[in-house]
**Student:** 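The structure is given below, and queries will be raised subsequently.
In what follows, chains carry the letters A, B, and so on, assigned in the order in which the sequence lines appear, proteins first and then strands, with residues in each chain numbered from 1.
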Amino acid sequence: MTPRFQAPRGTRDLLPGDLGRWQWAEAQARGVLERYGYGEIRTPLFEDFELFARTSGESSDVVQKEMYRFKDLGDRDLALRPEFTAGVMRAYLERGLGGRTRIHRLWSAGPVFRYGRPQKGRYRQFSQINCELVGSPAPGADVEMITLFVDLYEAWGFRDLTVVLNSVGQPASRRAYGERLRAWLAPAHERLSADSQQRLVVNPLRVLDTKDPGDLALFHELGDVPRMLDAIDEADRAHWEAVLAGLDAVGIRYEVDHGLVRGLDYYTRTAFEVHDRSLGAQSALGGGGRYDGLIAELGGPPTPGVGFAIGLDRAMLVLEERGTAAPVPPAGIYLAAMEATHAAALALARELRRQLVVELDVEARGFGAQMKAAGKSGARLLVILGEEEWKRGEVVVKDLASGTQETLARPGLAEVLGARLAQAPPPTGGGAKGTEKP
RNA sequence: GUGGGUGUAGCUCAGCUGGCAGAGCACCUGACUGUGGCUCAGGGGGUCGUGGGUUCAAGCCCCAUCAUCCACCCCA
């Protein structure tokens with residue numbers, strides 16, 4: 001088939017069968033976030049282009065070539081959000097949150113947009129859960145963030161994830177470190193890959209996460225790679241050590257990754273990420289860090305903050321591959337009626353639906369067709385409105401898994417059915433693909 | 001943005017050196033107008049991603065384009 005319209009490149013439809021898992025995951029996340037005392041904030045899907053340009057850095061790839069930028073009919077220069085933090089911080093300043101209480105714990109979830117070339121785990125519209133702890137410079141804030149970060153994954157059933165972290169220090173020491181890196185690489189500059197030579201100009205720290213085997217061999221040849229952690233100042237080091245101590249105390253497993261960097265100037269100190277190998281190249285499941293320079297960059301008072309973003313699409317891919325978290329479909333009832341009782345069935349369905357999952361045949365087909373539909377529907381119980389029974393004020397209730405039947409009185413039916421559904425889930429697993437014939 | 005792979009039924013795929021478009025599953029109908037899954041019989045579904053080219057003849061070869069996948073890049 002050739003559909004006239006296709007979903008735009010890099011976008012996808014999530015169908016009812018997929019969404020059970022998503023909704024479950026979102027509900028789990030919401031629970032964790034609430035228990036940590038975070039409040040939800042919803043900001044616009046689009047903002048001034050300049051806001052993102054400012055927070056992401058004019059030279060960043062996101063700003064240069066990955067933004068959905070557009071002019072509206074009023075000629076405003078806008079962009080679909082490529083991340084959450086900028087909008088959240090804009091709201092923080094615009095709504096004067098800093099003047100209410102010093103510390104704010106905020107989360108958001110929803111779609112974000114980036115114009116990249118799609119591949120598995122990378123879409124142009126994708127979903128993130130975003131968290132920010134604004135107002136505290138303390139290492140304890142970093143520890144809480146990372147703990148929350150890990151607990152979200154654990155709530156989804158991830159058990160073997162390892163957080164990688166590093167300190168990226170302050171802009172000044174980072175620049176100095178960049179120079180050291182350049183000097184270290186200078187003797188071999190010509191032999192670096194073209195990509196890495198380019199990175200050396202734009203964002204020297206990024207050279208460290210090259211995947212080019214030639215570059216890696218070169219690093220080996222040059223000896224010990226200078227480490228960011230050796231370049232940070234006293235205060236940053238104290239902060240770093242306090243964060244590690246905090247994580248140890250909480251029991252969070254982590255690894256120090258000296259190659260983990262954040263290019264943008266407002267990032268300070270702690271940076272962290274989590275990866276899953278099964279995803280291939282797009283292995284980052286989530287990441288975050290401290291951004292003590294961000295709010296000032298937006299014209300606000302200097303205000304520290306830590307935050308992270310989790311990519312839901314990738315997390316869902318992993319869960320799907322592992323077959324975990326398959327949500328249990330609600331146990332339901334199928335109402336089957338005869339020609340003479342179809343109208344009564346409609347009314348009964350409406351009544352039962354105040355508390356129960358009820359399906360019936362809107363086409364009022366023959367009884368055999370209704371039986372087949374009931375079998376496929378996944379319903380646990382079949383309620384038959386037989387003409388004779390109905391006249392007597394009774395219905396026949398059949399357990400579709402076991403095949404047993406009973407006759408029940410019409411009054412109080414909802415309660416009895418509710419009780420039947422509440423007990424003893426079917427041993428066969430139920431669903432449309434029943435196995436045994438009684 | 002760069003390089004490569006793949007597009008055939010709703011899904012998973014087969015289709016030989018170019019010669020009448022197929023299978024399994026799914027779906028629908030009937031056997032079975034008051035008892036489902038199983039079974040049996042039958043049925044509907046395709047401009048072979050799209051547009052062009054080569055050829056007597058194209059699902060197959062060529063070009064372009066769109067989508068998707070893999071890697072790079074970037075990142076969640």
**Student:** Are OP1 or OP2 of B:C66 and a side-chain N or O of A:R9 less than 4.0 angstrom apart?
**Tutor:** no

**Student:** What's the gap between B:G18 and B:C28 when it is taken at their P atoms, as a whole Å value?
**Tutor:** 41 Å

**Student:** Which nucleotide in the list B:G34, B:A67, B:C74 gets nearest to the side chain of A:E389?
**Tutor:** B:G34

**Student:** Decide, yes or no, whether a salt bridge links A:D276 with A:R314 under the criterion of side-chain N to carboxylate O below 4.0 Å.
**Tutor:** no

**Student:** Which one, B:G37, B:U35, B:A76, comes nearest to the side chain of A:A284?
**Tutor:** B:A76

**Student:** Mind checking if A:E388 touches a base, just sugar-phosphate, or nothing, with heavy atoms under 4.0 Å?
**Tutor:** base

**Student:** Establish, yes or no, whether the cationic atom of A:R105 lies under 6.0 Å from the six-membered ring centre of A:Y36 and within 45° of the ring axis.
**Tutor:** no

**Student:** Of all the choices, B:G37, B:C73, B:U35, which nucleotide is nearest to the side chain of A:M371 once you look at every atom?
**Tutor:** B:U35

**Student:** Among the nucleotides B:G1, B:A76, B:A71, which one has an atom lying closest to any side-chain atom of A:Q119?
**Tutor:** B:A71

**Student:** Roughly how many Å apart are B:U54 and B:C61, using the C1' atom of each and rounding to a whole number?
**Tutor:** 8 Å

**Student:** From CG of A:D13 over to C1' of B:A67, roughly how many Å is that when rounded to an integer?
**Tutor:** 14 Å

**Student:** With nearest nucleotide decided by heavy atoms, which residue, A:P8 or A:Y153, maps closer to the 5′ end of RNA chain B?
**Tutor:** A:P8

**Student:** Sort out the partner of B:A64 for me: Watson-Crick or G-U wobble, both distances under 3.5 Å, none otherwise.
**Tutor:** B:U50

**Student:** Which nucleotide, in any strand shown, forms a Watson-Crick or G-U wobble pair with B:C16, with both distances under 3.5 Å?
**Tutor:** none

**Student:** Which nucleotide in the list B:C75, B:U35, B:G34 gets nearest to the side chain of A:R206?
**Tutor:** B:C75

**Student:** To the nearest angstrom, how far is A:R114 atom CZ from B:C73 atom C1'?
**Tutor:** 14 Å

**Student:** Return the value, rounded to whole Å, for the distance between atom NZ of A:K372 and atom P of B:U29.
**Tutor:** 7 Å

**Student:** CG of A:D18 versus P of B:C11: gap in Å, rounded?
**Tutor:** 13 Å

**Student:** Which base sits across from B:C32 as a Watson-Crick or G-U pair, both distances under 3.5 Å?
**Tutor:** none

**Student:** Between B:A23 and B:U17, how far is it from one P atom to the other, in whole Å?
**Tutor:** 22 Å

**Student:** Expressed in angstrom and rounded to an integer, what is the separation of A:Y115 atom OH from B:G1 atom C1'?
**Tutor:** 9 Å

**Student:** Is any side-chain N of the basic residue among A:R182 and A:E179 closer than 4.0 Å to the acidic one's carboxylate O?
**Tutor:** yes

**Student:** Does any N or O donor sit under 3.5 Å from an N or O acceptor when you compare the side chain of A:R117 with the base of B:C69?
**Tutor:** no

**Student:** By nearest nucleotide on RNA chain B, pick out whichever of A:T11 and A:F126 is the more 5' one.
**Tutor:** A:T11

**Student:** In whole Å, measure the gap between the C1' atoms of B:C62 and B:U55 for me.
**Tutor:** 12 Å

**Student:** For B:U33 versus B:U29, give the span between their P atoms, rounded off to a whole number of Å.
**Tutor:** 13 Å

**Student:** So what does A:F84 hit on the nucleic acid, given a heavy-atom distance under 4.0 Å: a base, only sugar-phosphate, or nothing?
**Tutor:** nothing

**Student:** For A:A345 and A:L335, which heavy atoms make the closest approach, and how far apart are they?
**Tutor:** O-CD1, 3.4 Å

**Student:** From the set B:G36, B:C70, B:C74, return the single nucleotide nearest to any side-chain atom of A:K120.
**Tutor:** B:C70

**Student:** Please determine, for the side chain of A:Q128, which listed nucleotide (B:C74, B:A76, B:G1) has the closest atom?
**Tutor:** B:A76

**Student:** Between B:G36 and B:A31, how many Å separate the two C1' atoms, rounded to a whole number?
**Tutor:** 15 Å

**Student:** So what does A:I310 touch, heavy atoms closer than 4.0 Å: a base, only the sugar-phosphate, or nothing?
**Tutor:** nothing

**Student:** Is A:R410 salt-bridged to A:E351, going by a charged N under 4.0 Å from an acidic O?
**Tutor:** yes

**Student:** So, OP1 or OP2 of B:U29: does either fall under 4.0 Å of a side-chain N or O from A:R365?
**Tutor:** yes

**Student:** For B:G44, which nucleotide is its Watson-Crick or G-U wobble mate, given both distances must be under 3.5 Å?
**Tutor:** none

**Student:** State the pairing partner of B:A21; accept Watson-Crick or G-U wobble contacts with both distances under 3.5 Å, and report none otherwise.
**Tutor:** none

**Student:** Can you say whether the rings of A:F219 and A:W184 are parallel (under 30°), tilted (30 to 60°) or perpendicular (over 60°)?
**Tutor:** tilted

**Student:** For B:C25 versus B:A14, give the span between their C1' atoms, rounded off to a whole number of Å.
**Tutor:** 14 Å

**Student:** Only one of A:R90, A:R54, A:R69, A:R81 forms a salt bridge (Lys or Arg N to Asp or Glu O under 4.0 Å) with A:E47, so which one is it?
**Tutor:** A:R90

**Student:** When you measure from the side chain of A:K398, which nucleotide among B:G36, B:G34, B:C70 comes out closest?
**Tutor:** B:G36

**Student:** Under the rule for salt bridge (Lys or Arg N to Asp or Glu O under 4.0 Å), what residues qualify as partners of A:R191, not counting sequence neighbours?
**Tutor:** A:E221

**Student:** Using the P atoms only, state how far B:C11 lies from B:A26, rounded to an integer number of Å.
**Tutor:** 15 Å

**Student:** For A:E273, answer base if it contacts any base atom (sugar-phosphate contacts may also be present), sugar-phosphate if it contacts only those atoms, and nothing otherwise; contact means non-hydrogen atoms under 4.0 Å.
**Tutor:** nothing

**Student:** Regarding A:G286, tell me which of base, sugar-phosphate or nothing describes its non-hydrogen contacts under 4.0 Å with the strands shown.
**Tutor:** sugar-phosphate

**Student:** Determine the contact category for A:E339: base if any of its heavy atoms lies under 4.0 Å from a base atom, sugar-phosphate if only primed atoms, P, OP1 or OP2 are that close, otherwise nothing.
**Tutor:** nothing

**Student:** Give one of base, sugar-phosphate or nothing for A:G116, where a contact means two heavy atoms less than 4.0 Å apart.
**Tutor:** nothing

**Student:** Taking only the side-chain heavy atoms of A:Q6 (C-beta and beyond), determine which of B:G1, B:A76, B:C66 contains the nearest atom.
**Tutor:** B:C66

**Student:** Measure the distance from CG on A:L382 to P on B:U35 and round it to the nearest whole Å.
**Tutor:** 12 Å

**Student:** What is the distance from CZ of A:R122 to P of B:G1, rounded to the nearest Å?
**Tutor:** 11 Å

**Student:** Base, sugar-phosphate alone, or nothing: which one does A:G10 contact when heavy atoms must sit under 4.0 Å apart?
**Tutor:** sugar-phosphate

**Student:** Could you work out which one of B:G34, B:C72, B:A67 sits closest to the side chain of A:K211?
**Tutor:** B:C72

**Student:** State which residue, out of A:Q128, A:R122, A:R12, fulfils the side chain to side chain donor-acceptor pair (under 3.5 Å) condition with A:D313.
**Tutor:** A:R12

**Student:** With both distances under 3.5 angstrom, what nucleotide forms a Watson-Crick or G-U wobble pair with B:C72?
**Tutor:** B:G1

**Student:** Using atom CG of A:D212 as one end and atom P of B:C74 as the other, report the distance to the nearest whole Å.
**Tutor:** 12 Å

